[in-house]
Amino acid sequence: MADKLIYLDNNATTRVDDSVLEAMLPFLKEEYANPSSMYEFAKHSSNAIKEARVKVKEFFNAQNEREILFTSCGSESANTAIRGVLNMNKSKKHIITSKVEHPCVLNLYQTLEKQGYNVDYIGVNSVGELDLEELSEAVNDDTALVSIMYANNETGVINPIQKISEIIKKKNPQTKFFVDAVQVAGKIPIDVQSLGVDLMGISGHKFHAPKGVGALYINSKTVITPLIIGGHQERGRRAGTENVPYIVGLGAACDVARDHLKYEATEVKRLRDKLENGILKNIYNARLNTGIASRVPNTTNIGFEYVEGELILLHLSDMGICASSGSACTSGSLEPSHVLRAMNVPFTAIHGSIRFSLSKYTTEKEIDYVNSVLPGIIEKIRDLSPYQEELAALKKQKSL
Ligand code: PLP
C-alpha cells in the first residue's frame, strides 16, 4: 500500500468536512440535553435542530421547515417515502420505478411486488438515460407512486426530474413522485419547487456530513405514515430521540455544499474530465460507458474491455488508489452491475467497468498520478488476458 491515499470513491461515502465536525462537537460534549425536555438547557438542543431544519429547507429550496423530516440515511428516506405514501393510499396497487435504482428502492419494490403490488420497472438506453416514453405509457389511474433517482450512483447520469414530474402529473395528478436525490446533493443545485416533486431523499455521508443522518423532503400536500412509531418527534412522522449532533452536522454540510456548488461545476468537473480524457487517450481498450449523457460533475464510469474490474481495483489499491466497480459479489459469483446490464454495456466491457468519483478534496496531483499509473496497470492485466486476439484487433481498430 502506498503512503498516501488517493480517494476516488466519493459516491460510496465522503470525508467529513472539518467545519461540519466543528459544528457537531458541542452537541457530542456539553450540549447533551434531550431536545424534548422542558428546561432551558434543552432549548440549546431544540434550537440547534430548528436551525438545522432551516438550513436543510434552504438546501432543498422547500417552502417551509415543516416539509423537512430528519432520517438516519438515504435508505431510510426512501423507505419512509415509499412505504409512507403507499400506506396512505392502500386502494391503489400500481407503482413505477426504474431498472437502475439503488437497492434501497429496487429491493423494496421487489418486496412490494411480492406483497401484491403491480410494478413497472422502466428501462434506460445505452448511455443510461431513462426511457421517458415507456414511463409515460406506464402511468395510469391506478398508479399510486413513481420513484425515480435524480442521478445514478454508478454512472452519475442525471434524470430530467422536472420533465418526469410533468409527464407523471399530466397522466395522473394524484400519483405521488419520490426522487432519490442522494447522488446529486452537493453536486448540482436542488430546487424541489421548480422540479415539482412530492418527496425527495438525501443522505449526509455523501456530501461531507457523517454517516447516520439523512433527510426527506415531503411537500405540504403529501401525507405519509411513519416508518418508526413511538414518541411525537418529527411531528409524529419519525419516533425516537433526535440525533442532535448529526442533525446539526447535516445542516452545516448543507450550508457548506451550497457554497461549493460552483467549485463542483468547474474545478471538480475539470479534474474529472482530465482523468477521463487521460484514460481514454492513453488506454486503447477503454470506453466511456455513459457516452454523451448528462452527468453529475464528479463521476466517470469507464469500461476496460477484456479486463477484470476486480483485478484493476486490487492493483489500484496496492498503489493507494480507491475506486469502485459496479459489480456486487453475490454468493461467491461475480455478477455484473444491474445498472450496466440495463444499459446493455457489451459483455467485453461490463466486467471491467470502474467508477471513479471525485470530491472537492481531490487534487490535480492525484489525478495526474492516477493517469500516470493506470495505463501500466491495464497493460499488465491485459497481458494475462485469454483474449489476446480480440485485444490485438481492438488495438488495430483504434489506431486506424
Ligand atoms: N440512493 C443512492 C442513489 C445511493 O447511492 C445510496 C448509497 O450509496 C443510497 C440511496 C443509500 O444511502 P445510505 O447509504 O445513506 O442509506
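Read the numbers this way: they start at 1 and go in the same order the structure lists the ligands and their atoms.
- Within the cation-pi definition used here (under 6.0 Å to the ring centroid, within 45° of the axis), Arg15 does not qualify as a partner of Tyr7.
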Which atom pairs, nitrogen or oxygen on both sides, join ligand 1 and the protein at under 3.5 angstrom?
residue	atom	partner	partner atom	Å
ligand 1	1 (N)	Asp180	OD1	3.3
ligand 1	1 (N)	Asp180	OD2	2.6
ligand 1	5 (O)	Gln183	NE2	2.8
ligand 1	8 (O)	His102	NE2	3.4
ligand 1	8 (O)	Lys206	NZ	2.5
ligand 1	14 (O)	His205	NE2	3.2
ligand 1	15 (O)	Gly74	N	2.9
ligand 1	15 (O)	Ser203	OG	2.6
ligand 1	15 (O)	His205	NE2	3.2
ligand 1	16 (O)	Gly74	N	3.4
ligand 1	16 (O)	Ser75	N	2.9
ligand 1	16 (O)	Ser75	OG	2.7

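- Note on residues 10-41: pairs passing ring pair (Phe, Tyr, Trp, His ring centres under 6.0 Å), not counting sequence neighbours, are Tyr32-Phe41.
- Using a 4.0 Å cut-off between a side-chain N of Lys or Arg and a carboxylate O of Asp or Glu, Arg53 and Glu242 do not qualify as a salt bridge.
- Contacts of Glu65 classified as salt bridge (Lys or Arg N to Asp or Glu O under 4.0 Å), with partners at least two apart in sequence or in another chain: Lys57.
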Result block: side-chain N/O donor-acceptor pairs under 3.5 angstrom for residues 245-262, not counting sequence neighbours:
residue	atom	partner	partner atom	Å
His260	ND1	Val256	O	3.2

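- Side-chain contact check for Ser98 and Glu101: at least one donor-acceptor pair (N or O, by modelled atom type) lies under 3.5 Å.
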